[in-house]
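These notes concern the structure reproduced below.
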Amino acid sequence: ACLNLRDVAKTKAKPQLDERYWRLMRRVAGNIRRIREAKGLTQEDMISMGFERRWFQRIESGTYSVSLPTLDQVARAFKVDVSELFRLHR
């Protein structure tokens with residue numbers, strides 16, 4: 001079913017995100033944590049890069065829906081391509 005954004009805007013309801021979406025967010029969160037740790041950075045270090053600590057913790061938890069511009073900002077801070085945040089690692 002297609003989501004009609006006009007109807008959502010009229011009702012002020014938030015669209016429901018399915019399990020597939022949240023699996024992707026958990027993968028992205030795991031990749032963010034993996035890349036941060038591989039670069040020897042702490043969550044505290046992310047503050048000096050312009051991120052709020054609690055907000056960054058929420059991103060890494062995988063329970064927070066992150067926008068593409070935010071993911072781009074994270075990728076730039078890590079000096080990696082944004083596609084690295086979506087990559088499936090086994």
Side-chain angles (χ1 to χ4, degrees):
C2 290
L3 179 65
N4 185 326
L5 294 179
R6 286 189 185 129
D7 290 341
V8 170
K10 286 178 192 172
T11 63
K12 306 248 190 251
K14 292 185 179 181
Q16 293 297 316
L17 301 172
D18 64 11
E19 180 57 30
R20 190 173 64 176
Y21 176 85
W22 289 111
R23 277 195 307 269
L24 176 61
M25 283 294 99
R26 286 189 297 271
R27 178 194 309 167
V28 168
N31 286 340
I32 289 171
R33 182 178 299 111
R34 180 185 55 77
I35 293 167
R36 178 182 56 76
E37 290 174 349
K39 292 191 173 282
L41 299 169
T42 66
Q43 288 183 344
E44 294 295 323
D45 294 326
M46 301 310 295
I47 295 170
S48 67
M49 295 181 180
F51 298 96
E52 292 180 25
R53 184 170 185 258
R54 181 68 188 124
W55 180 79
F56 202 82
Q57 288 174 332
R58 290 177 64 199
I59 290 173
E60 284 192 351
S61 74
T63 58
Y64 180 71
S65 181
V66 185
S67 69
L68 192 52
T70 297
L71 292 176
D72 182 61
Q73 181 182 7
V74 171
R76 287 174 189 266
F78 290 155
K79 295 181 173 71
V80 299
D81 190 86
V82 73
S83 66
E84 283 295 313
L85 304 181
F86 292 92
R87 186 159 296 185
L88 181 59
H89 293 272
R90 300 226 182 236

Quick one: pull up [atom1] in [X] and [atom2] in [Y] and give me the separation to the nearest 0.5 Å.
X: E60; Y: W55; atom1: CD; atom2: CH2; result: 11.0 Å
X: S83; Y: N31; atom1: OG; atom2: CG; result: 10.5 Å
X: M25; Y: I59; atom1: CE; atom2: CD1; result: 10.0 Å
X: Q43; Y: R33; atom1: CD; atom2: CZ; result: 7.5 Å
X: M46; Y: L41; atom1: CE; atom2: CG; result: 6.5 Å
X: F56; Y: Y64; atom1: CZ; atom2: OH; result: 12.5 Å

How far apart are the closest heavy atoms of [X] and [Y], and which atoms are they?
X: A77; Y: F51; result: CB-CE1, 3.8 Å
X: F86; Y: L71; result: CZ-CD1, 3.6 Å
X: A29; Y: S61; result: CB-C, 4.3 Å
X: T42; Y: R36; result: CA-NH1, 3.5 Å

### Message
If you define the side chain from C-beta out and look only at heavy atoms, does anything of K39 sit under 4.5 Å from V80?
### Response
yes
### Message
Counting C-beta onward and ignoring hydrogens, is there a side-chain heavy-atom pair between Q73 and M49 closer than 4.5 Å?
### Response
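A side-chain contact under 4.5 Å is absent here.
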### Task
Run through L88, I32, L85 and flag the one making a side-chain contact (heavy atoms from CB on, under 4.5 Å) with R27.
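Answer to the side-chain contact (heavy atoms from CB on, under 4.5 Å) test with R27 among L88, I32, L85: L88.
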### Query
Quick one: does D18's side chain have a donor or acceptor within less than 3.5 Å of a partner on Y21's backbone?
yes
### Task
Taking atom types as modelled, find out whether D45 and S48 have a side-chain donor-acceptor pair closer than 3.5 angstrom.
no
### Message
Under the criterion side-chain contact (heavy atoms from CB on, under 4.5 Å), I'd like the reasoning laid out for I35 against E84: C-alpha separation, chi angles, the key distance, then a yes or no.
### Response
CA-CA 9 Å; I35 293 167; E84 283 295 313; 4.2 Å; yes
### Query
Above 12 or not: heavy atoms from other molecules or residues under 6.0 Å from CZ of R26?
yes
### Query
Around E37, counting heavy atoms of other residues, nucleotides and ligands shown, do more than 12 lie under 6.0 Å from its CD?
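Counting neighbours around CD of E37, more than 12 heavy atoms of other residues, nucleotides or ligands fall under 6.0 Å, so yes.
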